Protein chains: 2
Amino acid sequence: MQKIGRLLEIEKLITEADISTQDELLRKLREKGIPCTQATLSRNLKQLGISRIPDGSGGYKYSLSAMLRLTDAFPFKLNLVPVIREITEARGMMIIRTLPGNASNTAFFIDGAGRFEIAGTIAGDDTILLIPRDGITIPQVHSCLESILPGLHEQIKKK
Amino acid sequence: MQKIGRLLEIEKLITEADISTQDELLRKLREKGIPCTQATLSRNLKQLGISRIPDGSGGYKYSLSAMLRLTDAFPFKLNLVPVIREITEARGMMIIRTLPGNASNTAFFIDGAGRFEIAGTIAGDDTILLIPRDGITIPQVHSCLESILPGLHEQIKKK
DNA sequence: AAAAAAAATGCATAAATATGCAAAAAATAG
DNA sequence: CTATTTTTTGCATATTTATGCATTTTTTTT
């Protein structure tokens, strides 16, 4: 699934820095080893609800749409469920295993949900350590994850 | 002051209907008797913080930037103060006189602020009737207007 | 009120983005 | 595993948007 990784990286890149053209974004993707063309990028941005907005300083930058930021109404939902392989628990923390190379992006996505329950995450290549906030139980984290990634637990059981 | 009227109309048009290209917006402006070119429109949209975002149904539409909607950080503020000529009071209501042709747009702008104090407005060509909500005093409406349109009262006094 | 400065505009065109179509890749069914 | 359907992609190009520059309009200053 080449596409999901690219979509995540796109979200990440436009979140981390101001990017003003698709060509600029394209270059950054390629630096990360993700090949892509402008055409595909244009389509992906549309799907993600990302648009080019005036940056207030005379230029433009890419940004998540107001719509996507303000509501959950946007019909497209990034589905990361398929890249998650296994979830286990140890020492009050949660260990999430993903397909190779997907841990960092997935962790970024989880962080992006801004949930109180989650104190932070650390990601390697295919493993994420999720640290719950003090006083939060593992079942609480499970339901939190389920709300971030609907269908997650059902998917895990299948494997 | 040709420009302000156009800016207001642009805001109004993209608020009222989904518009997907500048050419489409241009046509609607012209239908309203407001001449404009695509070049100017592009610049105006940038100034207003309006951008073209995916509409979630496979197309695009123009929309106020998230930034503008969420915060007051956007450096450009539409300055309607110059079109307002006079403010008087009658029967617990407020009568606002504007330059010819500017009442409707100005009222739209005031409505858009979504203030509790204001029950509603009715606009003719150069006059707005502002109806305060029950229990709201004229001085309260004055300070409400001042916050929507900073500098308003100072301007009025000068004339 | 005239001169000077600043802002707005149109034209032409550059820059940037979107998309039809055919090919390739991936997912699904049998 | 192979055939079928669906999804994704690139290429080429159409569409759409942004902007440099010269000109006009508006505002400010004197």
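Letters A, B, ... are given to chains in the order of the sequence lines, protein chains preceding strands, and every chain is numbered from 1. Since this is a predicted model, take the numbers as computed values, not measurements.
- Comparing A:Thr21 and B:Gln38 by the nucleotide of DNA chain C whose heavy atom lies nearest to each, the residue mapping closer to the 5' end is B:Gln38.
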Practice problem: Just do the side chain to side chain contact (heavy atoms under 4.5 Å, CB included) check on B:Arg52 and B:Gln22 with the steps written out, would you? | Solution: CA-CA 9 Å; B:Arg52 193 178 194 238; B:Gln22 291 182 10; over 6 Å; no

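- One finds no side-chain N or O of B:Arg43 lying less than 4.0 angstrom from the OP1 or OP2 phosphate oxygen of C:dA7.
- A 6.0 Å sphere centred on NZ of A:Lys12 holds more than 12 heavy atoms belonging to other residues, nucleotides or ligands.
- Taking atom CD on A:Gln22 and atom P on C:dT17, their separation rounds to 4 Å, with Å as the unit.
- Between B:Tyr62 and D:dT16 there is no side-chain polar atom (N or O) within less than 4.0 angstrom of OP1 or OP2.
- Distance OH (A:Tyr60) to P (D:dA18): 4 Å, rounded to an integer number of Å.
- In this entry the distance linking CG of A:Leu26 with P of C:dT17 reads 11 Å, nearest Å.
- In this structure, the CZ atom of A:Arg52 is 11 Å from the C1' atom of D:dT16, given to the nearest Å.
- For B:Asn44 and D:dA18, the CG to P distance is 11 Å, given to the nearest whole Å.
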Quiz item: Run the side chain to side chain contact (heavy atoms under 4.5 Å, CB included) check on B:Lys28 and B:Lys32 step by step: do they pass?
Solution: CA-CA 6 Å; B:Lys28 295 203 183 231; B:Lys32 297 260 178 184; 5.8 Å; no

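- Here the P atom of nucleotide C:dA15 and the CG atom of A:Asp23 are 12 Å apart, to the nearest Å.
- In this structure, the side chains of A:Arg43 and A:Lys46 stay at 4.5 Å or more apart for every pair of heavy atoms.
- Of the side-chain N and O atoms in A:Thr40, one or more sit less than 4.0 angstrom from OP1 or OP2 of D:dG10.
- Position along DNA chain C of the nearest nucleotide to B:Pro35 versus B:Gly58 favours B:Pro35 as the more 5'-ward residue.
- Straight-line distance from the CD1 atom of A:Ile50 to the P atom of C:dA16: 19 Å, rounded to whole Å.
- Comparing D:dT17, D:dT9, D:dA18 by their nearest atom to the side chain of B:Ser42 picks out D:dA18.
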Quiz prompt | Test side chain to side chain contact (heavy atoms under 4.5 Å, CB included) applied to B:Asn44 and B:Lys3, step by step | solution = CA-CA 9 Å; B:Asn44 288 172; B:Lys3 189 182 174 185; 3.9 Å; yes

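- Distance, B:Lys46 NZ to D:dT16 C1': 16 Å, rounded to whole Å.
- The side chain of B:Arg6 lies closest to C:dT9 when the candidates are C:dT9, D:dT8, C:dC11.
- C:dG20: Watson-Crick or G-U partner is D:dC11, with both key distances under 3.5 Å.
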